[in-house]
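The structure under discussion appears below in the form of structure tokens.
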2 protein chains.
Amino acid sequence: MGKRHISLKDLAEELGVSISTVSRALKNHPDISAELTQKIQQLAHERNYVPNPLAMGLLRQQTKMIGVIVPDIVTHFYASIISGIEEIANQHGYFCIISSSGESFQKEVESVRNLLKARVEGLIVCLSQGTKEFSHFNRLIETEIPLVFFDRVPSGLNVPTVTVDGVSAVKSIVHHFYENGCRRIAYISGPEHLSITQNRNRGFREGVAECGLPFEEDLLVSCNMSPGNANAAAKKLLAQPKLPDAIFGINDTVAFAAMKEIKRQGLKIPEDIALVGFTDEFHSTVVDPPLTSVTHPTFEIGKVAAGLFFKLIEKGGSFSENIVLQTELVVRESSKKKR
Amino acid sequence: MGKRHISLKDLAEELGVSISTVSRALKNHPDISAELTQKIQQLAHERNYVPNPLAMGLLRQQTKMIGVIVPDIVTHFYASIISGIEEIANQHGYFCIISSSGESFQKEVESVRNLLKARVEGLIVCLSQGTKEFSHFNRLIETEIPLVFFDRVPSGLNVPTVTVDGVSAVKSIVHHFYENGCRRIAYISGPEHLSITQNRNRGFREGVAECGLPFEEDLLVSCNMSPGNANAAAKKLLAQPKLPDAIFGINDTVAFAAMKEIKRQGLKIPEDIALVGFTDEFHSTVVDPPLTSVTHPTFEIGKVAAGLFFKLIEKGGSFSENIVLQTELVVRESSKKKR
DNA sequence: TTGAAAGCGCTAACAC
DNA sequence: GTGTTAGCGCTTTCAA
């Protein structure tokens, strides 16, 4: 099978010089004569020499690896954020190891352990839906291993985070509904313990208040964000004696499920019920009618999170910064009552 | 910032024994006395000792890393395959480094180089759309570094591959159309040089022949699989004097684009035109009408590819196997002309 | 039953 | 200018 990679030693032997000479020549050390340097670099190139990162890592105690934990990798939202992270990581000569928690607390804990075993230099994570307690990050925090959270972030932990301004985003949705003549605005929310849910709920209440509408308990239902569960929530809303004239789904999965149920019941979107989602997929334009939705700056979130990570690497972990990005409301057919 | 990780040496010093004793005790070497072993393991556990993979890797010349190159990570199709790969990889104690070629040949070449630099033990790859030439894999093949391809595989290279039976899949689509009364079956195909395109094209021609229909050049148009380009292709089909009564889109992106155009022109699906896609996204159920589509066993593809990879690792690269998986036609509203 | 030493590939301080 | 050496963390002969 042959030797797969050649080492400094191989080069040194072939040229009859010492290993350190080769090492120096390869980094253009001024001590080495121009000819020798030239000759060595030439051979290294021919032989396709690449320094062994394992050796370097051992020496410098760094793996150039970032662990990334997401609830799930097959969602466009996370996949896109990961792309952003990788872009910045690669620019710094780092690689990412992606680990999916599958929305399970248990798997998240395991991911942390495994990634640490692999000696990643730090972690960038979005909490799983099942995570309500953060002690599995204690070791990182104590030993000041770089740790950045995005989107779903822990409460009460003094760590760098990147989130999106959910309060403003949902407020603008409510105002948008209002401007389109909606007065019974319903909301299918998510699990209470998630930071994103809390923010969006607050945005909803404040938005409704700002529009001078009464807050009606019946118009706020929760679900676990699965399609089936979201469908049940939509059914509940549509079973009310006085129908809502607008529904906001906490994410696109939820909005899609609601759309299906609304249509199934023979109601028209947006005429009977206006519908707006919160982007985690990118198929808003494919459904009928096209779904008005808040756009996450996903790629940006990833880049910013990675940026924070490298600040942490450089500054040695002793800083915290909470970055909040803005979203954009993209209005499509599903919410345009006025013409 | 404190010491992040502790080593055998730390343990040895604390206990006043030698490093090798600790090393042996940790792997239950029979030479070490039961008490000492017990004591050492106890301390190791307390101190959260984890062997340094860098040191192990250097020693054994292995990184336990697999490089995975996909055209793009934000597509459900690839993301799901990656999950499958990671499942098997993790079972073997391996991690994956994902690299996205962005459908660009140039970036694919770079990815190969970077991954090799990082000393992955091998590569699992799906070719980019821009790749028509495979010399960037030569070094891997010559040095017998494990290399597995899936879905879009190179022609003429004797390497293990995992693909899907596109010929049968498309044949069954054509038959399905035929059974639903369609007689002018159109096809929006992809780039000619891709193996998947070739297979699906063959399936289309054979299927049409099997149904006893004439093959009409005008009913086969190609696109580069981007939404815009697919839309143009659909327009071309719909501009024909004699409209097709069925359209097959080579993937879901293409089918979605066609659906939009068909609707825009005021035509009904499936009454006027039946529509079928080939799954790379999972929103077939969200569009209106729900899209009949061929389902890829994506997770399975990933698992099988990883399985092949580990065979290669074990057998030292000297084997090749081409696995073909079957797809499933999931019939939804978009193609049901009969009731 | 345990310890010492070499070596995986590399860098850097220290010779000469 | 170039070579020697120690050491990063670990396993594994070889000694004791």
Side-chain angles (χ1 to χ4, degrees), chain A residues 1-41 43-44 47-65 93 116-121 143, chain B residues 1-41 43-44 47-65 93 116-121 143:
Chain A
M1 115 175 150
K3 213 174 154 120
R4 282 176 187 172
H5 300 284
I6 65 143
S7 67
L8 284 188
K9 196 177 163 196
D10 299 324
L11 259 27
E13 279 171 3
E14 186 157 347
L15 257 40
V17 296
S18 82
I19 295 176
S20 41
T21 302
V22 178
S23 171
R24 281 190 273 243
L26 256 22
K27 25 181 74 61
N28 289 308
H29 196 292
D31 275 1
I32 308 293
S33 71
E35 307 98 295
L36 224 198
T37 299
Q38 155 69 17
K39 211 167 88 185
I40 290 174
Q41 292 191 351
L43 183 72
R47 290 280 179 283
N48 236 313
Y49 169 77
V50 173
N52 186 329
L54 253 27
M56 296 288 293
L58 187 56
L59 205 57
R60 307 211 183 294
Q61 228 35 274
Q62 51 172 25
T63 51
K64 301 260 179 193
M65 293 282 174
L116 247 27
K117 250 192 219 164
R119 288 286 210 275
V120 295
E121 291 185 33
T143 52
Chain B
M1 118 176 149
K3 215 173 154 122
R4 282 176 188 171
H5 301 283
I6 66 142
S7 66
L8 284 188
K9 195 178 164 197
D10 299 325
L11 259 25
E13 279 172 1
E14 186 157 346
L15 257 40
V17 296
S18 81
I19 295 177
S20 39
T21 302
V22 178
S23 172
R24 281 187 274 240
L26 256 20
K27 27 182 71 62
N28 290 307
H29 196 293
D31 275 0
I32 308 294
S33 72
E35 307 99 292
L36 224 197
T37 299
Q38 156 69 18
K39 212 167 88 186
I40 289 173
Q41 293 191 351
L43 184 71
R47 292 281 179 282
N48 238 310
Y49 169 77
V50 173
N52 186 330
L54 254 26
M56 295 289 294
L58 187 56
L59 207 57
R60 308 213 184 293
Q61 228 38 274
Q62 52 173 23
T63 51
K64 301 263 181 189
M65 293 281 172
L116 247 29
K117 249 192 218 164
R119 288 285 210 276
V120 294
E121 290 185 34
T143 51

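Please read these numbers as outputs of a predicted model, since none were measured by experiment. Proteins come first, then strands; the chains are lettered A, B, ... in the order of their sequence lines, and each starts at number 1. Just so you know, these numbers use all the heavy atoms, side chains as well, and skip hydrogens, waters and symmetry mates.
- Nearest to the side-chain atoms of A/Thr21 among the listed nucleotides D/dG3, C/dT11, C/dG3 stands D/dG3.
- Look at CG on A/Leu59: it is 14 Å from P on C/dG9, rounded to the nearest Å.
- A search for side-chain hydrogen bond (donor to acceptor under 3.5 Å, both in side chains) contacts involving B/Gln61 returns A/Asn52, not counting sequence neighbours.
- In this structure the side chain of A/Leu15 reaches within 4.5 angstrom of the side chain of A/Leu43, judged on heavy atoms.
- Comparing D/dG9, C/dG3, C/dT11 by their nearest atom to the side chain of B/Ser20 picks out C/dG3.
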Distance-only criterion, 3.5 Å: show the donor-acceptor pairs between side-chain atoms of residues 16-27 of chain B and protein atoms not counting sequence neighbours.
from	atom 1	to	atom 2	distance (Å)
B/Ser18	OG	B/Ser20	N	3.4
B/Ser18	OG	B/Ser20	OG	3.2
B/Ser18	OG	B/Thr21	N	3.2
B/Ser18	OG	B/Thr21	OG1	3.0

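- For the pair B/Leu54/A/Thr63, a side-chain contact is recorded, criterion being any heavy-atom separation below 4.5 Å from C-beta on.
- The end-to-end axis angle of the helix from C/dT1-D/dA16 to C/dC16-D/dG1, rounded to 10 degrees and based on five pairs per end, is 60°.
- Whole-Å rounding puts the A/His5 NE2 to C/dG9 C1' distance at 13 Å.
- Listed in residue order, the members of residues 23-37 of chain A having a heavy atom less than 4.0 Å from DNA chain D are A/Arg24, A/Asp31, A/Ile32, A/Ser33, A/Leu36.
- Between A/Arg119 and B/Pro53, the shortest heavy-atom distance links the atoms CG-CD, 3.4 Å.
- Here B/Arg60 pairs with B/Met56, B/Gln62 under the side-chain contact (heavy atoms from CB on, under 4.5 Å) rule; sequence neighbours left out.
- Between the CG atom of B/Leu8 and the C1' atom of C/dA5 there is a distance of 16 Å, given to the nearest Å.
- The residue among A/Lys9 and B/Val22 whose nearest nucleotide of DNA chain C lies closer to the 5′ end is B/Val22.
- Applying the side-chain hydrogen bond (donor to acceptor under 3.5 Å, both in side chains) test to B/Asp31 and every residue at least two apart in sequence or in another chain returns nothing.
- Rounded to an integer number of Å, the gap from CG of A/Leu15 to C1' of D/dT2 is 13 Å.
- The A/Tyr49 side chain lies nearest to C/dC10 when the options are C/dC10, D/dT11, D/dG3.
- Residues forming a side-chain hydrogen bond (donor to acceptor under 3.5 Å, both in side chains) with A/Gln38 (at least two apart in sequence, or on another chain): none.
- Between A/Gln62 and D/dC8 there is no side-chain polar atom (N or O) within less than 4.0 angstrom of OP1 or OP2.
- Atom CZ of A/Arg60 is separated from atom P of C/dA12 by 5 Å (rounded to the nearest Å).
- What separates NZ of A/Lys64 from P of D/dC8 is a distance of 20 Å, to the nearest Å.
- Here the C1' atom of nucleotide D/dG7 and the CG atom of B/Asn52 are 14 Å apart, to the nearest Å.
- With sequence neighbours left out, the side-chain hydrogen bond (donor to acceptor under 3.5 Å, both in side chains) criterion links A/Glu14 to A/Arg47.
- Here the side chain of A/Ser18 is nearest to one of C/dC8, D/dT4, C/dG3, namely D/dT4.
- The separation between A/Ile6 atom CD1 and C/dC8 atom P is 15 Å, rounded to whole Å.
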